[in-house]
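We count residues from 1, following the sequence as given. Computation of the quantities below employed the complete heavy-atom set of this structure, encompassing side-chain atoms and omitting hydrogens, waters and symmetry-equivalent molecules.
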Amino acid sequence: MVQEIRTIGLPALRSFSTVARLGAVSAAADRLGVAKSGVSRHVAQLEKHFGMPLLERGARSVSLTPFGERLHLRVASILAEIDLLDDIAREESTGVSGQVSIATMPEFGAFLASTLFPIIGARHPDLTITVRTEYAFEDLRDTATDIAFRVGTFKDDRLVARRLGAFRALVVASPKLLSKQPIATPQALSDAPCLVFRGDRPTDTWTLHGRGQEVAVDVTGPVGVWSFTILFELAAKGLGFALLPEFMVQDALRDGRLIHCLPGYTSRALPVFLTSRPGARRIARVAATIALAEEHVPPLLSD
């Protein structure tokens, strides 16, 4: 029979949650700053408490059992609420201060750094910001992350999300390349050197909208790379045509480093969502950051 829930200690829950996220007991011990034996003992206590194994142990890593997966989701929620209570108590006496952790795709992070972050710094000088950049969606299970900006589709009933707006991607190239190989229609891209956002092969299908039609074009070229920043640099050097977010290329279009090759054609609108855990607005530092993002980011998006 499962023992009463009051016998579970908070350190055991934190140890299990950290092992589940990092996939290794040693990595969890390093993250928590405790001995590896202590983490193992905490996990063993939970397994004894529930009478079921939580981990499948391998030579170098561990994975969660089906029950461990379900328990991890609940434990992550419990720990997030506990951290929330600590933050509320601390900020009740200090006001808007402390650190806000943000997750976003790299290029949108750079966009925020040049537009939103100076506003936050001017409005709340005691706030500091950390940013984790990645293209994969941040699911906010890691309680160290306060808010995330997601680009594209969004569906997660565990989170609170607000659509801030959308942006589109443009086909761009250097003036030198465009003078050698002019592009008058989307179909012409199939015979042009294109730089694609892929890490497995330098081919892709670009779908463009404009002039009352949707056109899908199979493109290929000299480089495929999972980085819009690298694609931007390659396009600016004249190595190919690229389909890049409008917010990335606005300055380069103004100063002539890049040219919008197909006026009237863009990608579909890509929505931007600001996501957080339920209750995050009760934390003063997070609420202040969200409020400024909701006020200042939408006017900067093209759609």
Side-chain angles (χ1 to χ4, degrees), residues 102 104-121 129 131 133-135 149-152 164-199 202-211 215 217-272 293 296-303:
I102 297 172
T104 183
M105 62 179 278
E107 291 75 20
F108 200 76
F111 171 68
L112 294 174
S114 64
T115 56
L116 177 63
F117 294 174
I119 296 173
I120 294 175
I129 299 171
V131 181
T133 57
E134 55 187 26
Y135 289 112
F149 291 85
R150 289 184 171 181
V151 174
L164 298 179
F167 64 86
R168 299 173 188 269
L170 311 178
V171 178
V172 298
S174 70
K176 182 178 179 180
L177 175 61
L178 200 57
S179 67
K180 293 180 178 179
Q181 190 163 1
I183 296 294
T185 66
Q187 292 83 351
L189 290 167
S190 61
D191 297 319
C194 293
L195 308 165
V196 302
F197 184 73
R198 295 187 69 114
T203 62
D204 202 357
T205 299
W206 289 353
T207 301
L208 301 176
H209 299 255
R211 301 179 182 177
V215 184
V217 185
D218 293 329
V219 299
T220 188
V223 176
V225 58
W226 206 33
S227 168
F228 286 119
T229 299
I230 295 177
L231 291 177
F232 176 96
E233 296 298 331
L234 294 174
K237 291 182 181 299
L239 296 184
F241 296 83
L243 185 63
L244 297 177
E246 184 175 15
F247 64 79
M248 276 191 70
V249 299
Q250 288 174 343
D251 289 343
L253 294 177
R254 280 192 290 266
D255 63 28
R257 283 178 293 159
L258 292 173
I259 295 176
H260 183 193
C261 307
L262 293 168
Y265 288 94
T266 70
S267 73
R268 66 179 177 86
L270 299 169
V272 177
H296 293 280
V297 173
L300 300 173
L301 298 174
S302 60
D303 186 59

* **Spacing of Phe167 atom CZ and Leu301 atom CG [to the nearest 0.5 Å]** => 8.0 Å
* Identify which one of Leu170, Leu262, Thr185 satisfies the side-chain contact (heavy atoms from CB on, under 4.5 Å) criterion when paired with Leu208. => Leu262
* Between atom OH of Tyr135 and atom CD of Glu107, what is the distance when rounded to the nearest 0.5 Å? -> 3.0 Å
* Asked: Looking at NE2 of His260 and CG of Leu258, how far apart are the two atoms once the value is rounded to the nearest 0.5 Å?
  -> 11.5 Å
* Mind checking salt bridge (charged side-chain N to carboxylate O under 4.0 Å, His left out) for Asp218 and listing every partner two or more places apart, or none if nothing turns up? => none
* Spacing of Phe241 atom CZ and Leu189 atom CG [to the nearest 0.5 Å] -> 6.5 Å
* **Side chain Gln187, main chain Val215, donor-acceptor under 3.5 Å** => no
* To do: Return the minimal non-hydrogen interatomic distance between Val297 and Leu164, and the atom names on each side.
  => CG1-CD1, 3.9 Å
* Compare all side-chain heavy atoms of Thr115 with those of Phe247 and state whether any distance is below 4.5 angstrom. => no
* CG on Leu116 to CG on Leu300, rounded to 0.5 Å -> 8.5 Å
* **Counterpart residues, ring-ring contact (aromatic ring centres under 6.0 Å, His included), relative to Phe228 (two or more places apart)** => Phe197
* Structure fact -> Rounded to the nearest 0.5 Å, the CD1 atom of Ile120 sits from the CD1 atom of Ile129 at a distance of 4.0 Å
* **Ile183 and Tyr265: CA distance, side-chain angles, deciding distance, side chain to side chain contact (heavy atoms under 4.5 Å, CB included) verdict** => CA-CA 12 Å; Ile183 296 294; Tyr265 288 94; over 6 Å; no
